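Structure record follows, encoded as structure tokens.
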Amino acid sequence: MESISVFDIIKIGIGPSSSHTMGPWNASKMFLDLVKRNHSLQEVKEVFVEFFGSLAKTGVGHGTDIAGMLGLSGENFRTIDTNKIDEKIDKIKSEQKIHLGGEIWLPFIYGHHLILNKEKSLDFHPNGMIFKVVFENGEVFSQDYYSVGGGFVATTEDNSMEDRCVRTLYPCHHGSDILKYIDKLKLNKISDLVFQNEESWRTHEETRQKALEIWENIKDCVYKSINKKGILPGGLNVTRRASEMNEKLLGTQIYKNKNEWFEMVKSDQKTFSSVTKWVSCFALAVNEENASFGRIITAPTNGASGVIPAVLMYSQVFTEFNSEEDIIRFLLVAGEIGTLFKKNATISAAMGGCQAEVGVSSAMAAAGLTEISGGTPAQVLMAAEIAMEHHLGLTCDPIGGLVQIPCIERNSMGAMKAITAASLALDGDPSKAKVSLDSVIKSMWETALDMNSKYKETSEGGLAVAVNVAEC
């Protein structure tokens, strides 16, 4: 089993969905790179992409079609000006041509060159897609790809997560592995072990800087969102709420920039009511950005992108564990827990429902908070287990195929569960626990396999049907 860096689990992304937006976007780039290995893009006469299964059924609401077109155009979701996405897509559709890889203009008719096939699913994974090019000489080349959660992409020939096959010095594929190496190396913190393993990808200092970059992006995302009002795109007419919550909590206080706002929040009253409202505000802010094609932190997915930011913000604003070192260690441990779910279950709602997204992010956040709050390694794993235990069976049933209802509020609930799980673990005795993290991950995967497909990000069951709204 391969090792996965924590920064493949927690990373800079773009809304509204990691598996339905970032995955197809990544697959587009991978396909262009594959074509260019043996050909020039100048030899291409036509390009096609067909999305299947869950990608097709909620594709418009999740921006799968947009991701496919922008990916084929050579755009990078990490750097693209998100304010110009609509303009770029309108141009492709109106002019009926695409700038393939940013190199050559080709005819491109939406509905012909890009198809959302809702009637068929590919066998390997519900999030399947096939890219195809026709060369000037008549030769045809195609490749299948599968978005397997968190922006990761696989093929039927190679499901090794984009060739990230790295073996760390102390491979931790299960919770029991973590405890084994902690004992063997006589370490006090899980983050110390993660630091050593991350050196398989980068230096110790680079790991620290990468974590701090994530933190700055989290603050940027929250700050940007709490200063936005209006209706979220997509047709459900969902009103942004984070801005109004921020105004009510701060009252008449005025801030001029992100740092002033952050310090103002830190100095706010710390009653139970205000703290819970702030945690909800943080989570809603991130997920409202996600729902509007904003730049967010994927952790481990976009649908669950508000949980870890909300809990990390909580630790920095309302607890004594608010140093730069605490930020880094929180993210390292949270990411490490995410890798366990990725390797032994799934972080894809199309495979496992929302337990695989908000459930996993809640477990990650609970572990990170317990780590910096002085918990033992066993208590850290206990916190992750408690958080996931109370998300088992959570369905993914987005109304209208949009990552809005119930997704946005669900992140707030996941954050609160993470904080509660950390509190329980810190006061608990792991030696008396009846359920281990490894066993709850196994149970989560078994639940995923048994779950009806209509509750797996297809908008064919649950609230998506109970609330009669056509896909937007």
Side-chain angles (χ1 to χ4, degrees), residues 12-25 51 54-71 73 75-94 110-111 114 116 151 220-246 281 283-298 301-306 309 349 357 396-412 457-459 463-464 467-472:
I12 298 172
I14 192 171
S17 171
S18 49
S19 58
H20 287 59
T21 313
M22 288 167 56
W25 205 318
F51 298 104
S54 178
L55 284 182
K57 291 174 181 177
T58 62
V60 174
H62 285 162
T64 303
D65 52 348
I66 292 173
M69 287 183 279
L70 291 177
S73 300
E75 299 283 359
N76 186 328
F77 63 73
R78 296 172 185 83
T79 57
I80 190 173
D81 183 345
T82 56
N83 294 316
K84 294 185 177 180
I85 287 177
D86 288 344
E87 176 187 328
K88 292 176 182 290
I89 292 301
D90 288 344
K91 183 176 181 180
I92 292 173
K93 289 183 176 180
S94 63
Y110 189 96
L114 185 150
L116 296 167
D220 286 343
C221 179
V222 174
Y223 182 73
K224 183 178 181 181
S225 187
I226 56 99
N227 285 291
K228 283 185 181 179
K229 295 183 178 181
I231 305 297
L232 293 173
L236 285 182
N237 293 318
V238 174
T239 302
R240 284 179 174 264
R241 286 179 289 170
S243 176
E244 183 179 351
M245 291 182 72
N246 177 70
C281 180
L284 295 179
V286 173
N287 285 93
E288 286 172 0
E289 272 302 286
N290 180 64
S292 55
F293 263 96
R295 185 156 290 113
I296 46 82
I297 296 299
T298 303
T301 64
N302 286 20
S305 59
E357 295 203 22
C396 181
D397 46 358
I399 295 175
L402 297 169
V403 190
Q404 295 182 17
I405 306 173
C407 320
I408 294 175
E409 286 183 352
R410 193 167 278 175
N411 276 256
S412 175
E457 208 172 5
T458 60
S459 289
L463 287 176
V467 181
N468 187 22
V469 177
E471 183 178 351
C472 304

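For clarity, every value in this text was computed on a predicted model and none was experimentally measured. Each residue takes its place number in the sequence, starting with 1. Side chains included, hydrogens not; waters and symmetry mates left out as well; all remaining heavy atoms used.
Among residues two or more places apart in sequence or in another chain, the ring-ring contact (aromatic ring centres under 6.0 Å, His included) test is passed with F293 by none. Under the rule for a salt bridge (Lys or Arg N to Asp or Glu O under 4.0 Å), the partners of R240 that lie at least two apart in sequence or sit in another chain are E289. The side chain to side chain donor-acceptor pair (under 3.5 Å) check on T458 picks up nothing, with sequence neighbours excluded. Partners of N227 according to the side chain to side chain contact (heavy atoms under 4.5 Å, CB included) rule, which considers only residues two or more places apart in sequence or in another chain, are Y223, Y255.
Between the side chain of S225 and the backbone N or O of C221 there is no donor-acceptor pair closer than 3.5 Å. In this structure a side-chain-to-backbone donor-acceptor pair under 3.5 Å is present from N302 to I14. In this structure, the side chain of N411 does not engage the main chain of A283 through any donor-acceptor pair within 3.5 Å. Of the possible donor and acceptor atoms, one in the side chain of S54 sits under 3.5 Å from a partner among the backbone N and O of E457.
Sorted by first and then second residue, the salt bridge (Lys or Arg N to Asp or Glu O under 4.0 Å) pairs involving residues 401-411 (not counting sequence neighbours) are R241-E409, D397-R410.
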All N/O donor-acceptor pairs, side-chain side in residues 83-91, below 3.5 Å, sequence neighbours left out:
from: K88; atom 1: NZ; to: E75; atom 2: OE2; distance (Å): 3.1

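Side-chain contact between Y110 and M69 is present, with heavy atoms from C-beta onward closer than 4.5 Å.
Remark: of the listed residues D81, N290, I80, I80 is the sole one forming a side-chain contact (heavy atoms from CB on, under 4.5 Å) with R295.
Pairing each heavy atom of G63 with each of T21, the nearest pair is O-CG2, 4.2 Å.
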